[in-house]
Every structure is written in C-alpha cells, then in structure tokens.
Amino acid sequence: MSSTPVTWFEISSDRPDEAQRFYADLFGWSFEEQGGPAGSYRQTTAGGERGIGGAIRGTDAGNYAIFYAEVADVAEICRRAEATGGVVVTGPVTTPAGLVRALLRDPSGNLLGVFTPPAGG
C-alpha cells in the first residue's frame, strides 16, 4: 500500500478576521476570500512549494483545526475507517465542483478529512 499524502488543512473560527491576522503575523501567510454559501472561506497556499494549502472557515458552529488527506476513493476510505475503529461523521459528499469529501473521527475522537479532487483537477 502506498502512503497517502496530507494535502490540505482547514481552520474553523468564530472569529475569522482574528484567526487570519494571527496566522498572517505568525507565519506570513496571505489569504484570498473565496466566499461560499456557508459564509467566509479564506484560502492560503501556506507553505508555498514545500507546504500544503489550506483555509480559514468563518463559522459559529465551533472552532477546530483539521487536516485532509487526498485519497483515490473516499467511499472506500470511509468503509476502511469504520472497519478499523473509526467513525464516519459526514460523507461522502460531492461538491458542485466535483470534489468528493468526508469527515471522519479516529478511535481517539480526533477529526480528520479525506477528499478526492474533481476529475481532471
């Protein structure tokens, strides 16, 4: 079995302006507002060529930080997660752009995400 790369992260915040300033000041990250139906979504390329991309999601549904692993088959990963003691929280869900994603909990209760990019993307 080959290794699965972590290729995205997301930071959810009920104070997205403050979170953006914090990460910009701390790491020099710049952000671009993407908007969206659920509110503020600010993407960053974070580590440039050496790091992964990510975003700050403005929300009042709770604060969290999560990593996303890029996988070939989200549904299969969900099945394997449940078989190994994990829990599927949401998913698989396909976005209008064709990205398929799911949220999981590991046996310790930590959230993690998995996704498959849109075809041709």
Side-chain angles (χ1 to χ4, degrees):
M1 174 190 289
S2 65
S3 178
T4 299
V6 174
T7 59
W8 191 256
F9 68 87
E10 185 174 277
I11 299 165
S12 177
S13 176
D14 56 359
R15 297 187 313 267
D17 292 335
E18 188 176 321
Q20 179 174 324
R21 277 191 302 278
F22 174 80
Y23 288 102
D25 291 348
L26 186 63
F27 297 129
W29 295 352
S30 60
F31 294 85
E32 182 179 321
E33 177 66 50
Q34 299 297 311
S40 174
Y41 199 74
R42 305 154 190 221
Q43 285 186 247
T44 179
T45 54
E49 292 180 19
R50 295 184 321 135
I52 64 174
I56 294 174
R57 176 183 297 281
T59 182
D60 59 2
N63 298 322
Y64 62 83
I66 188 169
F67 70 86
Y68 285 82
E70 186 175 332
V71 299
D73 185 338
V74 170
E76 175 60 21
I77 293 296
C78 289
R79 284 189 289 278
R80 287 177 39 205
E82 289 179 323
T84 58
V87 174
V88 176
V89 178
T90 59
V93 174
T94 302
T95 69
L99 180 135
V100 181
R101 64 179 169 79
L103 284 178
L104 312 171
R105 281 200 190 279
D106 71 15
S108 297
N110 297 305
L111 276 175
L112 65 135
V114 293
F115 78 99
T116 300

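Below, each value reflects all heavy atoms present in this structure, side chains not excepted, and no hydrogens, waters or symmetry copies.
The two residues Trp29 and Thr44 have their closest heavy-atom pair at CB-OG1, 3.7 Å. Ser12 and Gly62 get closest at one heavy-atom pair: OG-O, 3.0 Å. Summarising the geometry of Ala102 relative to Gly91, their closest heavy-atom pair is CB-CA, 4.0 Å, with the distance given to 0.1 Å.
Atom-to-atom distance recorded for Arg42:CZ and Arg57:CZ is 12.0 Å, nearest 0.5 angstrom. Within the model, atoms CD1 of Ile56 and CD of Glu33 stand 10.0 Å from one another, a figure rounded to the nearest 0.5 Å. Atoms CZ and OH, on Phe31 and Tyr41 in that order, are 11.0 Å from each other to the nearest 0.5 Å. The line from CG of Asp25 to CD of Gln20 is 10.0 Å long, rounded to the nearest 0.5 Å. Taking OG1 of Thr59 as the reference point, atom CD1 of Ile11 lies at 14.0 Å (rounded to 0.5 Å).
Hydrophobic cluster membership is shared by Val6 and Tyr23, with clusters built from Ile, Leu, Val, Met, Phe, Trp and Tyr side chains linked at under 4.5 angstrom. The hydrophobic clustering, which links ILVMFWY residues whose side-chain heavy atoms are closer than 4.5 Å, places Val89 and Leu99 together. In the hydrophobic cluster analysis, where Ile, Leu, Val, Met, Phe, Trp and Tyr join through side-chain heavy atoms closer than 4.5 angstrom, Leu112 is grouped apart from Val87.
Side-chain contact between Leu104 and Ile77 is present, with heavy atoms from C-beta onward closer than 4.5 Å.
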Sequence neighbours left out, cut at 3.5 Å: what donor-acceptor pairs do the side chains of residues 63-74 make with other protein atoms?
residue: Asn63; atom: OD1; partner: Asp14; partner atom: N; Å: 2.8
residue: Asn63; atom: ND2; partner: Asp14; partner atom: OD1; Å: 3.4
residue: Tyr64; atom: OH; partner: Glu10; partner atom: OE2; Å: 2.6
residue: Asp73; atom: OD1; partner: Ala75; partner atom: N; Å: 3.1
residue: Asp73; atom: OD1; partner: Glu76; partner atom: N; Å: 3.0

